[in-house]
2 protein chains.
Amino acid sequence: MSQDKSNERIRDAERTIALLKKATVDQLITNGFAGLSILPILKKAGVSRGALFHHFPTKDHLIAAAFGDLLVEFAGQLHEIAMQLRTGAITQEEFVSKTGETIASDLFVGCMEIALGIRAELTLSALVQEAVADWRQSLFEFWDNTFELPGHDREQRSDHWAMASNVLRGYAFSTSFGAAPQARERLMRGFPKLFLDGAVVRPADERVVSIKTKSKS
Amino acid sequence: MSQDKSNERIRDAERTIALLKKATVDQLITNGFAGLSILPILKKAGVSRGALFHHFPTKDHLIAAAFGDLLVEFAGQLHEIAMQLRTGAITQEEFVSKTGETIASDLFVGCMEIALGIRAELTLSALVQEAVADWRQSLFEFWDNTFELPGHDREQRSDHWAMASNVLRGYAFSTSFGAAPQARERLMRGFPKLFLDGAVVRPADERVVSIKTKSKS
DNA sequence: ATATACATACAGACCGGTTGGTATGTAAAG
DNA sequence: CTTTACATACCAACCGGTCTGTATGTATAT
């Protein structure tokens with residue numbers, strides 16, 4: 001990890017913070033929410049305790065920051081997939097496959113774990129509230145900017161894509177067991193039939209989209 | 001909790017085990033998976049450390065046992081709702097409402113939390129594997145024994161109900177934030193349209209169903 | 001019936017290890 | 001010299017688990 005055993009110090013706040021958040025995400029993926037202790041995080045980041053608590057008042061603040069980064073990254077990944085479809089770089093089938101893959105990735109499962117885990121932790125849940133709201137919004141935009149639903153008003157579209165999102169969330173959850181090998185095929189067959197049948201892909205230039213969240217206030 | 005400060009001991013293994021499992025579920029609901037320490041569990045159960053480790057070799061075994069109980073209880077709740085629909089005691093709309101409520105309850109959210117949380121814990125995930133397999137089976141039976149899907153073969157029915165289950169899981173997940181007040185209405189509108197349109201309720205006497213799991217081997 | 005022997009059910013002190021967080025010190029930058 | 005960035009020693013609280021001891025059962029022998 002860190003071969004700088006010499007006494008030269010690296011003084012770069014941004015870098016240190018990034019390392020810490022990255023290590024937190026790594027730790028979340030490999031050891032789950034319950035495994036989010038600061039010791040392994042510090043080890044992975046190659047950073048000292050002092051550095052951590054210099055930049056973050058508590059462990060929860062670090063987790064919240066890492067969680068926020070995760071969600072933003074996801075929004076970016078989904079946006080990327082959407083653009084590939086809208087530019088014709090991939091087929092609708094590939095779109096469903098890639099989206100499913102993204103949602104069922106360890107990263108997103110880790111997100112769900114945090115989202116459920118913080119239910120009982122008031123301070124932490126308060127810290128991530130804003131990031132979650134942003135994420136919700138960007139998820140709807142992901143669908144609504146990618147597909148047109150002729151004859152549907154805004155309310156109906158919200159309903160439609162909310163259900164679609166629920167399916168993917170449930171899919172991600174069920175795959176985290178790894179016990180349903182047919183789950184993927186079921187998604188590939190079922191999802192387009194249920195949600196994309198009447199939908200029309202919006203050409204890439206139809207609407208200029210900013211998927212970016214409001215970011216650090 | 002326990003006012004028996006006298007030196008009279010209650011010697012009832014079944015009772016003690018039940019108290020421990022109950023306390024574990026309670027603790028899971030109120031404090032989440034990360035809050036599953038033995039101390040608060042023991043306190044809630046009014047049982048000593050010695051009693052716990054006499055009946056369960058490790059904490060994980062207790063959690064697994066409590067988790068298994070939870071899943072069986074859920075299967076029972078769903079079965080109950082299904083029977084109400086099949087006997088005509090409730091409407092389809094009420095059926096969707098009740099099912100959604102059950103899935104989005106604190107109890108089930110706790111289940112999801114465990115299911116995700118154990119991802120990184122090998123021993124625990126091994127312990128609950130069987131219970132999860134039983135649960136999967138009973139969930140499919142819940143749908144398939146309740147509704148007929150004319151013109152669908154077994155494979156197609158599996159696809160259909162797997163997607164339906166995913167929607168509910170995703171719904172449960174999203175409500176655990178409490179941030180989407182319209183989520184319930186969306187489910188009530190969207191679910192029947194997507195999954196119950198071509199489905200026919202099986203009369204209660206059409207098929208003798210055993211929703212019971214294989215139970216303790 | 002009563003005494004003996006043993007298994008089971010429970011209680012609570014105790015253990016080493018880990019937890020999140022702090023206090024203090026030091027090196028670099030302005 | 002002051003501020004910022006990082007390092008280290010340290011702390012009280014808590015963790016899961018083991019220990020020894022005790023209360024309560026039951027099976028057998030007398």
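No hydrogens, no waters, no symmetry mates; every other heavy atom, side chains included, goes into these values. Predicted model, so just to flag it, every value in this text is computed and none were measured. Sequence lines set the chain letters: A, B, ... in the order given, protein chains first and strands last, and positions in each chain run from 1.
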- Distance, rounded to the nearest Å, where B:K43 contributes NZ and D:dG16 contributes P: 15 Å
- Message: If you take the centroid of each ring, where Trp contributes its six-membered ring, are B:F108 and B:Y171 closer together than 6.0 Å?
- Response: no
- Message: Mind checking if B:L36 touches a base, just sugar-phosphate, or nothing, with heavy atoms under 4.0 Å?
- Response: sugar-phosphate
- Message: For A:F95 together with A:F147, are the ring centres under 6.0 Å from each other?
- Response: yes
- Task: May I have the distance from B:H54 (atom NE2) to D:dT22 (atom P), rounded to whole angstrom?
- Result: 18 Å
- Which nucleotide in the set D:dC6, C:dA11, C:dC10 lies at the smallest distance from any side-chain heavy atom of B:V47? C:dA11
- How long is the line joining NE2 of A:H61 and C1' of C:dG20, in whole Å? 14 Å
- Of the listed nucleotides C:dG20, D:dG17, C:dA11, the one nearest the side chain of B:K59: D:dG17
- Query: Reckon A:I41 touches a base, only the sugar-phosphate, or nothing at all at heavy-atom distances under 4.0 Å?
  - Reply: nothing
- Query: Is any side-chain N or O of A:R49 under 3.5 Å from a base N or O of D:dT8, one able to act as donor and the other as acceptor?
  - Reply: no
- Query: Are B:F173 and A:F173 close enough that their ring centres sit under 6.0 Å apart?
  - Reply: no
- Query: Hey, would you say the B:W143 and B:F195 ring centroids sit under 6.0 Å apart?
  - Reply: no
- Which nucleotide in the set D:dT4, C:dG21, D:dG17 lies at the smallest distance from any side-chain heavy atom of A:F53? C:dG21
- Message: From C-beta outward on A:S37, which listed nucleotide comes closest to its side chain: C:dG20, C:dA11, D:dG17?
- Response: C:dG20
- Task: Please report, rounded to the nearest Å, how far the C1' atom of C:dT8 is from the CD atom of B:E14.
- Result: 14 Å
- Message: Among C:dG20, D:dC15, D:dC6, which nucleotide has an atom closest to any side-chain atom of B:L39?
- Response: D:dC15
- Query: Between D:dC15, C:dC10, D:dA7, which nucleotide has the shortest distance from any of its atoms to the side chain of B:H55?
  - Reply: C:dC10
- Item | Nearest-nucleotide pick for B:A13, side chain only, options being D:dG16, D:dT8, C:dA9 | C:dA9
- Message: Using whole Å, what does the distance between atom P of nucleotide D:dT24 and atom CG of B:D12 come to?
- Response: 14 Å
- Given B:I114, B:V25, B:V72, the one that forms side-chain contact (heavy atoms from CB on, under 4.5 Å) with B:F67: B:I114
- Euclidean distance, atom CZ of residue A:R15 to atom P of C:dA29 [Å, nearest integer]: 14 Å
- How long is the line joining CG of A:L42 and P of C:dT18, in whole Å? 15 Å
- Message: With a 4.0 Å limit, can you tell me whether A:T16 has a side-chain N or O closer than that to the phosphate oxygens OP1/OP2 of D:dC6?
- Response: yes
- Query: Can you tell me how far P of D:dA9 sits from CG of A:L52, to the nearest Å?
  - Reply: 18 Å
